[in-house]
Each structure stands twice: as C-alpha cells, then as structure tokens.
*Asks:* 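Let me begin by handing over the structure; questions about it come next.
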There are 2 protein chains.
Amino acid sequence: MAVTISDVAHAAGVSKGAVSYALNGQPGVSDATRGRILQVAKELGWKPSLRAKGLSSAKAYALGLVVARDPKLLGTDPFFPAFIAGIEITLAEHDYTLVLSVATAPGAEERAYRKLADGGRVDGVILTDVRHNDSRIGLLRELKLPAVTLNRPDADSPFPAVSMDDTDGITAAVEHLIALGHVRIGHVGGAQEYIHGRSRRRAWESAMARAGLAADLFAEADFTAPGGVAATAELLRRPDRPTAIVYANDLMATSGQSFAQSQGLSVPGDLSVTGYDNAEFTQYLNPPLTTIATDPMRWGRVAAQALLDQLNGTHSGEDTDLPAPTLLVRASTGPAPSRTIKQATK
Amino acid sequence: MAVTISDVAHAAGVSKGAVSYALNGQPGVSDATRGRILQVAKELGWKPSLRAKGLSSAKAYALGLVVARDPKLLGTDPFFPAFIAGIEITLAEHDYTLVLSVATAPGAEERAYRKLADGGRVDGVILTDVRHNDSRIGLLRELKLPAVTLNRPDADSPFPAVSMDDTDGITAAVEHLIALGHVRIGHVGGAQEYIHGRSRRRAWESAMARAGLAADLFAEADFTAPGGVAATAELLRRPDRPTAIVYANDLMATSGQSFAQSQGLSVPGDLSVTGYDNAEFTQYLNPPLTTIATDPMRWGRVAAQALLDQLNGTHSGEDTDLPAPTLLVRASTGPAPSRTIKQATK
DNA sequence: AGGCTCTACTAAACCGGTTCAGTTGGTAGA
DNA sequence: TCTACCAACTGAACCGGTTTAGTAGAGCCT
C-alpha cells in the first residue's frame, strides 16, 4: 500500500539491491548514487516495512516482557510502570519495541512465553520476579529465547543478569532501627518463592546476627496488602512482640502500619515501620513511611541494553551490578519505646 | 531454522498451498487430506511464523498502546496496570499481542505513534487520556491507523469510543456529602486539558447547582500528588474554606488529605475528602479514603475487543457504554462540622 | 594487448507464509 | 459417449525487504 523499496529503486533508476545497500550504509554503491537514492527515498516518504525486514533478516525488532501477577497486585506495585518506562527509553534509541504480556491466570505465564517465542514475535525477553529454582530458565532454554534476568537466579542460568542488591537497603534499615534503640525487630517477608523475598529476609537475619540480636520475629507474607495485615497481626500477637518491623515492600508496610494503628498502637511511638520501594504514596501516609528508594527506571534501561547487547553479540557475558538503593528515613521510625511492652488492644 | 510450511507439505506429500488451506480451515482440501496434514503438522511441531504471516497478509497481529505520562506519575497511577491486564485478556483469545510505548519526553508521543504506524508494527491503537481538541485524532487519521478512544473526544473523531461515564460517580460523591450536611464542597480537578478532568469538574458543578449550592470552590491541579497538595492549600486558604473536597483522583485526594492533617485539620472532623479510582492503598490510609470504584480491567477488555472488531470489520460503529463506577463510602467523609469555621493553623 | 583486480552495480534467489490461476480426475446430465 | 461441471489439488506469483552470485567497465601492471 505504501511506497516500497521497488518504487524507490525505479524512481532512482537503480535496482532493489542497490537501494538496500544505500539505505543500510553498506558498501557496494558509490557516494553519488547513495546520495541520490537517499534523496529519492526521502522525497517519496519511504518507510521500511518492519514485517518484510523481519522476514528476511529473521528478527522481530521487539523485546518481550511477561508480567505474572495477580490483577489486584498489579495496580498497586509502583515498580512496573517505572521499570517499563526505563526499558522504553533504551528501546526507543534502537528502533525496537516492547511487547508486553500480562499473565494473570495460572499456567498463562508459560503460554505467554511460548506465544512470544513460537511465532518469532520477539527476539528476547526480560525476566522479572525471579523465583527459587525458576522453571522459566529451563523453558526459555528450550524455546531458545535469549533473555536477561533481574538479579541472578539461584538455579543455574545461562542468561546474563542485571542486579540491584537489596541487602544494603535492608541492612541500613535494620541498623537504623538498632541505632534508635530497638532490639526486637521483626521482618514481614515477601513470598519466599521469590529470590528477592529470600534475599531480603537473609539480609535482615544477617544484620540482626551481626548486632547479636535474635532473628526470630519473622512472618512470611506475599507482597500484598492483605498479606501484610495478616503477617503483622501474627507478629503483634507474639508475647515478645516487636517494637519495629522491617517490611519487604511498601504495600505490606502500608497495610501493616494501618493495621497496627487500628489496634491502638502508635506509629512510631509503639511500633516503628519500614518499607521497600519508595512508592510515591508512602510519603503521604500518616506518618510518612521510612522506606528504601530504588530506581526501577534505571533498572529497566540497563536491562534492555544488556539484552540488546546480547542479541547483537556485543555483550560481555558478565553480570551487571546497579548501585544499591538507599534508606530514606521518614516519620514511621522513631526511638524504641522505653516502657514495658503492653499487649496490643484487641 | 524451525519447521516451515514447506517441510510439512513435503512430509505430507502435498503442496504448500494445500497445507495453507488445511491449516486455516479453508475449503479446497478433502477432509481426509486435511486430517493428514494437521496430523503431520502436529508431529513436526510446526508453528506458523508470525513474520511471514504478517508479510503476506499485511497484518501485524498486534495492537498498540502509547502511554504519555510523566515518569513520576507513572508509578503511582493504579489505572494502567489493570487496564493493560484487561487488554491482554482479550488479546490472548485472538492471538494478538500488545505493543506498549511509554512516552515521557515531550514530542515523544507523536514519534511513538509514527513509529508504530510506519513500520506496520501494529494494526491499531487504543487512545487513552483523551485531551481537549486532541491532536492525536488528526495524527491517527493521517497515519491511517485504526483506533478506539477511551471516552468520546470533544473534537470530531471518526473512531469508535468505549466510554465509562464519570458523571454518576462524582454526582454520588457530592450528594453523599450534601446528605452529610456539607454546603461548602470544593473540587480539586485534574488537568482541564484532559476530557476526564473537564467532565469531572462539570459533574461537580452540576450536582452543586442542582442542590442550589455555589460551585465556587474549585482549584485546578494536574492529577499528581504535589499538585493535590498545592490545590488543597489554595482551597483551605480561602476565607470561606470548604468543609469537604471532592478530588478528581485518589492520588490528589491522598496527598490533599495528608496535607490537611499536617495543617492540624481532622479528617473527616474538619474536612471530608473523596477520591476517584479506588487505588488499593486508599483503604490503608488513615482514615481510609471514600472513593469511586472504577473497573479499569473491564475497560481494557472491552476496548481491545472493540478495536479487534473494527479491524475485522464486525464493529457496529456505535460507541460502547460501560457501567458507571460507584461510590465507595469509607471513613474520610463524615458529617459537616457544626461549629464555626476556624482557620487552619499555619 | 592481454590478463588481472577492483568497484559499482544488477538479477535473482530467498525468508515463510497466502492466494490466484490452472490442471486433473470423477461424476452427472443429455 | 460426449460435454459440463465441480471438488481437490498443484504450481507459481506475491508480500517487501536482504543477500548472494554474477557482470560490466575502469584502472593497473607487464
């Protein structure tokens, strides 16, 4: 329908091949001819057909991202939109596009990867939310789909990783609380199925151990708000209940803080709380949340670049380490209560 | 690299054409032959190449969505992730994929649409965040790119719209506040450049007029949290400051409520507050936010279906109306204060 | 002058599908 | 028995690029 390479060739009085060489900056045409062809192409408003290009060069000029989340969780996590924006910044510079799949139903995730791979819709994918012994590693290997993972999987993975350490942030949070005099510091973890759920828990354990404190106040949740409530309730029910809780993400911290307040506890008077992610709304909570400020946009930018490098063979093969996120102290953390612990009112 | 239609044809002892007919359910092959071909194709693990299919049938089998937002705002709006999930649900049923573009820099938006159109990367796009006299309508017309708009643009648009009325929700919020005895009900609007910013403002004005109340407590903001703070500050500075504020979205309501509290006002004792969207975190605010519960996922599902219908010519050409979102009363709204107005403490 | 190499280009094959124009064989109708 | 027609299939063109093999002509060397 639009103007094709043949039209340009005809108008410039050369063959299709010459036009292709000229437009791709390849040798095989004189500078004079190249200039004329480019001129004609511009005049005719020629735009290369991605489809034709893809067919002959066996590339899709697209990267894939499969997000497997509960729809409820999707709208709340501030990570993805910023992360995707970062990916786009990189892709826009390379005439690639992003194909996004959202898998909400169980089993839909594997189907989504297969769909992207089978038809050759994408040239590679970015793997987020890496899980313990993640089955997707094997799947992608089987599908022969190049990939980049966010953080290094605990299972053997042939794919380069782009990592943002979460140890430092959690450690800083725990040390901040210890400096405030807290001793019984609990941790509400994300699903331990995720490696970032695990690493944050381990970071909390290590920091506690280094300070000679017992890391026994742990409750596992699932990164969701209701999960945060349940886990917080569990910790507060303990006879030796914590005076501070380090949450594995902002959403759980938000709902946990809200729950504690509804039980008559003052934050941070009776309970200090820290989050993770620095979602924008956390600064408008009452009190504003002490949290750990990550940079998802940068993560997206770098991950996309690593994948592109891998596709054109210029990737070093080594993992990339991003600067660790830092602690952002706000008003949800304060000195440990000096009085004897009083049970939370039921 | 993979198995092609020629491989299947050879293995089944027929021509490429016959295989194509068989696999697409077209007439021209006997049932016996068709069965044999399908059998062979399955055995060989044949998957059609999207690229080849796209080239010969002049389709991309993909829909586009361009999101033009400030990166800061992106992470906070609960609308998009759920909306995109809805789109995916529909697309997954039709072997289409979603190409997502995020345009953060000014001017990037138009480039993004051109990029999607030029190479033939997508067969159509969904237009969100429709603006007053939206220039994208003309652009898409020029690019000959089929589209569906979310809500009907105020400028002349040839594209079908999928609408979710926001009048009812805002009206319900205002009436709820009036029933609680409020008289001075303000409105913090979103950017009036957006048609949903305008329609929410008009809905507030109409509801006030119907109750015989003056609609003079308006402050325009931009749907962002800092904007909500500024607009709230402006309204509270007025001598006849409002006892209730209807916000055009949750993010502004959240930051506005937080700001009012920081000024020593009690919510809802001194000031009642309503939001719009029902972002999950709003139920964990202190107090939980009265807001309007929309259904972005359904919107995405229906919009994608409308676009697909349009592409294969089965669209009626009429706009689709979705059920209006409803008011969700929580604790941020309460009876109007009976005492004389005291100035907010500075 | 003949042979050689190099540049600049053309013609055609190719990617993997769809689709159109024929071809074949069988059956029905006269 | 001859024609007409139809179902079932084949071969080739086609989509719009890339890429390979081949060629014409210029320039250089001996």
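Naming convention: chains lettered A, B, ... in sequence-line order (proteins, then strands); numbering from 1 in each chain.
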*Asks:* Holding to salt bridge (charged side-chain N to carboxylate O under 4.0 Å, His left out), I want the full list of residues that pass it with A:Asp134, two or more places apart in sequence or in another chain.
*Replies:*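 Testing A:Asp134 for salt bridge (charged side-chain N to carboxylate O under 4.0 Å, His left out), a comparison that skips the adjacent residues, returns A:Arg136.
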
*Asks:* Could you list the residues that satisfy side-chain hydrogen bond (donor to acceptor under 3.5 Å, both in side chains) with B:Tyr194, not counting sequence neighbours?
*Replies:* none

*Asks:* Give one of base, sugar-phosphate or nothing for B:Lys59, where a contact means two heavy atoms less than 4.0 Å apart.
*Replies:* nothing

*Asks:* Would you jot down, in residue-number order, the residues of residues 9-23 of chain A having a non-hydrogen atom under 4.0 Å from DNA chain D?
*Replies:* A:Lys16, A:Gly17, A:Ser20, A:Tyr21

*Asks:* Pull out every residue in residues 24-43 of chain B that has a heavy atom closer than 4.0 Å to any atom of DNA chain C, ordered by number, or say none.
*Replies:* B:Asn24, B:Gln26

*Asks:* Applying salt bridge (charged side-chain N to carboxylate O under 4.0 Å, His left out), name anything that partners B:Asp319, two or more places apart in sequence or on another chain.
*Replies:*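 Scan of B:Asp319 (salt bridge (charged side-chain N to carboxylate O under 4.0 Å, His left out), adjacent residues dropped) gives B:Arg152.
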
*Asks:* Output side-chain donor-acceptor pairs under 3.5 Å for residues 138-145 of chain A, partner residues at least two apart or in another chain, one line each.
*Replies:*
{"residue": "A:Glu142", "atom": "OE2", "partner": "A:Arg114", "partner atom": "NH1", "Å": "3.4"}
{"residue": "A:Glu142", "atom": "OE2", "partner": "A:Arg114", "partner atom": "NH2", "Å": "3.4"}

*Asks:* For residues 294-305 of chain B, dump all side-chain donor-acceptor pairs below 3.5 Å to protein atoms at least two apart in sequence or in another chain.
*Replies:*
{"residue": "B:Asp295", "atom": "OD1", "partner": "B:Arg298", "partner atom": "N", "Å": "3.3"}
{"residue": "B:Trp299", "atom": "NE1", "partner": "B:Val162", "partner atom": "O", "Å": "3.0"}
{"residue": "B:Gln305", "atom": "NE2", "partner": "B:Asp309", "partner atom": "OD1", "Å": "3.0"}

*Asks:* Give the rounded distance in Å between these two atoms: CG of B:Leu50 and P of C:dT18.
*Replies:*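 For the pair B:Leu50 CG and C:dT18 P, the rounded distance is 11 Å.
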
*Asks:* Quickly work out the A:Arg51 CZ to D:dT18 P distance and round it to whole Å.
*Replies:*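 After rounding, the gap between these two atoms is 15 Å.
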
*Asks:* Rounded to whole Å, please give me the gap between NZ in A:Lys53 and P in C:dG16.
*Replies:*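 After rounding, the reported distance stands at 19 Å.
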
*Asks:* Enter the inter-axis angle for the ends of the helix from C:dA1-D:dT30 to C:dA30-D:dT1 (five pairs per end, rounded to 10°).
*Replies:* 60°

*Asks:* May I have the distance from A:Asp118 (atom CG) to C:dG17 (atom P), rounded to whole angstrom?
*Replies:* 12 Å

*Asks:* Just to verify, what does A:Arg121 make a salt bridge (charged side-chain N to carboxylate O under 4.0 Å, His left out) with, not counting sequence neighbours?
*Replies:* none

*Asks:* Can you sort out the partners of A:Glu93 under salt bridge (charged side-chain N to carboxylate O under 4.0 Å, His left out), two or more places apart, ordered by chain and number?
*Replies:*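 Applying salt bridge (charged side-chain N to carboxylate O under 4.0 Å, His left out) to A:Glu93 gives none.
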
*Asks:* Can you list everything that forms a ring-ring contact (aromatic ring centres under 6.0 Å, His included) with A:Tyr96? Sequence neighbours excluded, please.
*Replies:*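 With sequence neighbours excluded, A:Tyr96 shows a ring-ring contact (aromatic ring centres under 6.0 Å, His included) to A:Tyr61, given in chain and number order.
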
*Asks:* Going by atom type alone, with no hydrogens or angles, which donor-acceptor pairs under 3.5 Å involve a side-chain atom of residues 42-49 of chain A and a protein atom two or more places apart or on another chain?
*Replies:*
{"residue": "A:Glu43", "atom": "OE2", "partner": "A:Gln39", "partner atom": "NE2", "Å": "2.7"}
{"residue": "A:Ser49", "atom": "OG", "partner": "A:Arg51", "partner atom": "N", "Å": "3.3"}
{"residue": "A:Ser49", "atom": "OG", "partner": "A:Ala52", "partner atom": "N", "Å": "3.1"}

*Asks:* Between B:Asn24 (side chain only) and B:Tyr21 (backbone N and O only), is there a donor and an acceptor less than 3.5 Å apart?
*Replies:* no

*Asks:* In whole Å, what is the span from the CG atom of B:Leu44 to the C1' atom of C:dG17?
*Replies:*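 Those two atoms, CG and C1', are 16 Å apart.
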
*Asks:* Tell me whether the OP1 or OP2 atom of C:dG17 has a side-chain N or O from B:Trp46 closer than 4.0 Å.
*Replies:*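 The answer is yes; a side-chain N or O of B:Trp46 sits under 4.0 Å from OP1 or OP2.
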
*Asks:* Expressed in angstrom and rounded to an integer, what is the separation of B:Ile5 atom CD1 from D:dG11 atom C1'?
*Replies:* 14 Å

*Asks:* Please check if the distance between the ring centroids of B:Phe159 and B:His315 is under 6.0 Å.
*Replies:*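 No - the distance between ring centres of B:Phe159 and B:His315 does not fall below the 6.0 Å cut-off.
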
